[in-house]
Amino acid sequence: MNENSQIARLAAQHQKPVALVTGAMRGIGRACAIALARSGFDLALNDLESEETSRLAAELAAEIAADGAESILVPGDVSNLENHAKLLQSVLERWGRLDCLLNNAGIPAQRRGDLLDVTAESFDRCMAVNTRAVFFLSQAVARYMVSANASSAMHRSIINITSSNARAVSIARGEYCVSKAASSMTTRLFAARLAAHGIGVYEVRPGIIATDMTKPAKSQYDAIIGAHLVPAERWGYPEDVASTIVCMAEGRLRYTVGQAVTVDGGLTMPRF
Ligand code: NAP
C-alpha cells in the first residue's frame, strides 16, 4: 500500500476532526487545545522540544483524554521551516487527516524600550516566529488541504493568533507590532486563496491576556485596566480567546473570509 492510500485509509477510519496547535504547552495555546478537545477535536500538540515540554505534554494529554480526545506531541521550533513537513507528516501518519491549524506560537520583543533602540536581532526573531513561521506553516498545511489526499467532509480552517498590536501602535515593542501586522496580511492572503476550497482562514487579536508572556509587564497592564482603558474592566483569560477559536474551528463563522476577531474587552475599539 503506498503512502497516499495509507493516509486515505486512516482518514476514512477516523471520523473526528483533528487540530494542530502550535505553542500548545502554555497560556492561550493550552486553553485552545483543551477547548478544541471539548468541542470534539483530536489534538496534535506542538511546542519547543525540551524535557519540560514532554512533562507538560503528558499533563495536557491526560486532561484532554478526560474529555474523550486523543492527542500526540509533535515537538519542534516552528521558526525552523524544515520542521514543518515533519509536523504535518506526524499528524497524517496518526490520523490521516488535519482539519484545523492554529498558529498560536509567538514571542514578545526581546526587550521593551525606545523604538530607536530596537535591535536587528530582536526584529529578526519576532519576524521568524510570529510571521515567517506562520506564513510557511500555513502554506504547508494549505498545500495538503487542497490536495487530493485531504479529507474535506468536515469544516477546515487555518487560524492565526496575532494581537491588538496588529493594529494598535505600541512604540515600546515596535518589532512585535510589525511581526503581528504582517501575519494579519498573511491571514487575508491565505483566506482569499483558500475560500473557493471551503477552507476558512481567520485571525484572532487578543488584547491583555493573563499568561506567562504578560507576567513581566503585569503592573503596567494593571495600570491600563485600572485607568478604565479596557471597557470590560478586567484582564482577559486564555479561555476567552479559546471560545472564539472554537467558533472558527467549528465553522460557525459561515460565509466569512479572512475576518479578524478582536478579543480584548474593547481595549482597541475606537471611542471618544
Ligand atoms: P506564552 O504563555 O508565552 O506561550 C507561548 C507558547 O509558545 C509557549 O509554550 C512557548 O514555549 C511556545 N513557543 C514559543 N516559541 C515557539 C516556537 N518557535 N516554536 C514552537 N513553540 C513556541 O504566550 P501566550 O500569551 O499564550 O501567547 C500565545 C499567542 O498569543 C502568541 O502568538 C502571542 O503573541 C499572542 N498574544 C498574546 C497576548 C497576551 O496578552 N498574552 C496578547 C496578544 C497576542 P516556551 O514557553 O518553551 O518558550
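Each ligand, and each atom within it, is numbered from 1 in the order the structure gives.
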Are side-chain N/O atoms of [X] and [Y] paired as donor and acceptor at under 3.5 Å?
{"X": "W95", "Y": "E70", "result": "yes"}
{"X": "E250", "Y": "H155", "result": "no"}
{"X": "R205", "Y": "T268", "result": "no"}

Please identify which of these residues, I64, T22, V74, meets the side chain to side chain contact (heavy atoms under 4.5 Å, CB included) condition with L45.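 For L45, the side chain to side chain contact (heavy atoms under 4.5 Å, CB included) test succeeds with only one of I64, T22, V74, which is I64.
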
Applying the side chain to side chain donor-acceptor pair (under 3.5 Å) test to E203, which of N160, T162, N103 qualifies?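 The option that passes is T162.
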
Please produce the table of protein N or O atoms sitting under 3.5 Å from N or O atoms belonging to ligand 1, one pair a line, distance to 0.1 Å.
from	atom 1	to	atom 2	distance (Å)
ligand 1	9 (O)	D47	OD1	3.4
ligand 1	9 (O)	D47	OD2	2.7
ligand 1	11 (O)	D47	OD1	2.8
ligand 1	18 (N)	D77	OD1	2.8
ligand 1	19 (N)	V78	N	3.1
ligand 1	25 (O)	T211	OG1	2.5
ligand 1	26 (O)	I28	N	2.8
ligand 1	32 (O)	N104	O	2.8
ligand 1	32 (O)	K180	NZ	2.9
ligand 1	34 (O)	Y176	OH	2.7
ligand 1	34 (O)	K180	NZ	3.0
ligand 1	40 (O)	G207	O	3.1
ligand 1	40 (O)	I209	N	2.9
ligand 1	40 (O)	I209	O	3.3
ligand 1	41 (N)	I209	O	3.3
ligand 1	41 (N)	T211	OG1	3.1
ligand 1	46 (O)	R26	NE	2.6

With side chain to side chain donor-acceptor pair (under 3.5 Å) as the test, would you mind laying out the steps for T262 and R167 before giving the verdict? CA-CA 10 Å; T262 300; R167 189 146 178 274; over 6 Å; no

